[in-house]
Chemist: 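If you scroll down you'll find the structure; I have some questions about it.
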Amino acid sequence: MTNRIFNFSAGPCTLPLPALEKAQHEFLDYQCSGMSIIEQSHRGKQYDEIHNTAIANLKFLLDIPDDFSVLMLHGGATQNFVMIPMNFAKEGKSLDYVLTGSWSKKAAAEGKRYNGYKAIWSNEEKPKSCMPVASEIVPSENAAYVHICSNETIGGIELQEFPDCGDIPVIIDMSSHIMSRPLPFDKIDMIYAGAQKNLGPAGMGIVIIRNSLIAQANTDISNFMSYKTHADSNSLYNTPPVFAIYMMNNVLEWVKANGGVLGMQKLATQRSAFLYDAVDASDGWYSCPVEKSCRSKMNVVWRLPTEELEKKFISEAAAAGFSGLKGHRSVGGCRASMYNAMPVEGAEKLAQFMIDFKNNN
Ligand SMILES: *Cc1c(COP(=O)(O)O)cnc(C)c1O
């Protein structure tokens with residue numbers, strides 16, 4: 001048995017032990033084939049089954065309607081920052097972006113290359129970091145799409161309710177909280193996510209896209225960057241990220257065995273409550289720079305009274321077996337990323353560590 005610590009890294013992140021153990025167990029000889037799964041043809045029978053099971057598991061767990069396609073693509077979430085305007089920008093149409101933090105801005109930077117770019121909402125002038133409420137997300141009348149990042153991994157804020165934008169396509173970066181709560185597909189036209197937060201290892205992006213949106217996409221673009229290409233070939237246009245897909249499927253099997261999305265939601269609520277309670281009960285010694293109603297259940301951020309104490313906290317926590325608590329280099333402070341595979345016990349023990357650290361300092 002290995003010595004596994006509590007890994008609060010923002011990504012790549014902790015994965016369920018049974019998913020890792022399954023991979024370890026069958027890595028050298030996948031189901032009596034005499035080969036590892038990563039040595040086999042991606043057109044072969046054994047890989048084919050993994051590929052299609054992974055898609056079926058995503059559809060089952062997220063309750064994805066039949067008129068959506070599920071794609072598994074190289075390039076993580078970031079490639080989609082590029083593909084979205086490339087596929088959907090149209091002459092005379094506005095490309096609407098909601099700016100809520102680092103990741104939405106990175107997505108917007110690719111939209112800005114096109115004439116129609118427009119920021120329709122920003123939290124920059126707000127006193128505390130926050131998300132818009134659903135009714136504040138009002139797309140332009142001629143919008144080609146509205147882009148939202150529903151969980152800002154660095155800022156620690158999470159969209160609580162998805163907007164209903166009628167006929168305007170709603171495209172959402174859910175990298176850091178996909179599979180942690182049920183999704184209203186009637187209000188959503190496309191979701192994408194890098195796999196390495198809640199789904200598996202890095203190197204892959206998941207796209208869940210309404211077929212009618214694919215049908216509207218530009219056709220005068222590179223084949224490889226076209227969503228239609230990948231949808232038409234069931235994500236086998238080129239060699240897919242085989243190992244990432246195999247690992248993701250192991251993770252999805254674990255999610256299935258642990259209560260599905262509702263089970264994950266319950267765990268996320270329990271874990272984050274331990275940490276926010278520790279912050280709220282500290283009389284301001286710990287402070288959360290986030291509007292209370294927008295607190296993320298996945299990425300909890302907090303500050304200490306001084307940067308010196310923050311350094312001490314992070315180093316003592318690491319020595320006590322809590323890894324990855326340093327806030328993002330762009331904002332400082334502390335951050336605990338608690339994705340699906342983080343045991344509730346990890347959050348409970350970290351909360352106790354916070355209480356003890358405050359009392360000793
Ligand atoms: C991590 C992250 C990304 C980037 O994912 P890659 O797979 O590295 O491209 C994009 N958006 C959000 C919200 C993230 O948390």
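FYI, the numbering just counts along the sequence from 1. The structure presented is a predicted model; accordingly, all values stated were derived computationally and were not measured.
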Chemist: Between N142 and S140, does the side-chain hydrogen bond (donor to acceptor under 3.5 Å, both in side chains) criterion hold? Intermediate values first, please.
Modeler: CA-CA 5 Å; N142 67 338; S140 313; 4.6 Å; no
Chemist: Taking side-chain contact (heavy atoms from CB on, under 4.5 Å) as the definition, give me every residue that meets it alongside K128, ordered by chain and number, with sequence neighbours left out.
Modeler: E291
Chemist: Please work out whether the ring planes of F162 and H177 are parallel, tilted or perpendicular, with thresholds of 30° and 60°.
Modeler: tilted
Chemist: Looking only at atom types and distance, does a side-chain atom of S226 sit under 3.5 Å from a main-chain N or O of S222, one as donor and one as acceptor?
Modeler: no
Chemist: Taking the cut-offs as 6.0 angstrom to the six-membered ring centre and 45 degrees off its axis, would you call K358 and Y286 a cation-pi pair?
Modeler: no
Chemist: Please identify each residue that fulfils ring-ring contact (aromatic ring centres under 6.0 Å, His included) with H42, with sequence neighbours left out.
Modeler: none
Chemist: Report yes if the distance between the aromatic ring centroids of Y246 and H51 is under 6.0 Å, otherwise no.
Modeler: no
Chemist: Report whether L183 and V146 are members of the same hydrophobic cluster (ILVMFWY, side-chain heavy atoms less than 4.5 Å apart, transitive linking).
Modeler: yes
Chemist: Taking only residues two or more places apart in sequence, or in another chain, which ones meet Y114 in a ring-ring contact (aromatic ring centres under 6.0 Å, His included)?
Modeler: none
Chemist: Checking Y145 now: which residues fulfil ring-ring contact (aromatic ring centres under 6.0 Å, His included) with it, not counting sequence neighbours?
Modeler: Y97
Chemist: Taking only residues two or more places apart in sequence, or in another chain, which ones meet F322 in a ring-ring contact (aromatic ring centres under 6.0 Å, His included)?
Modeler: F353
Chemist: Could you go step by step and tell me if S33 and Q40 meet the side-chain hydrogen bond (donor to acceptor under 3.5 Å, both in side chains) rule?
Modeler: CA-CA 9 Å; S33 62; Q40 297 192 17; 3.1 Å; yes
Chemist: Tell me every residue that passes side-chain contact (heavy atoms from CB on, under 4.5 Å) with S129, counting only those two or more places apart in sequence or in another chain.
Modeler: N123, I157, V290
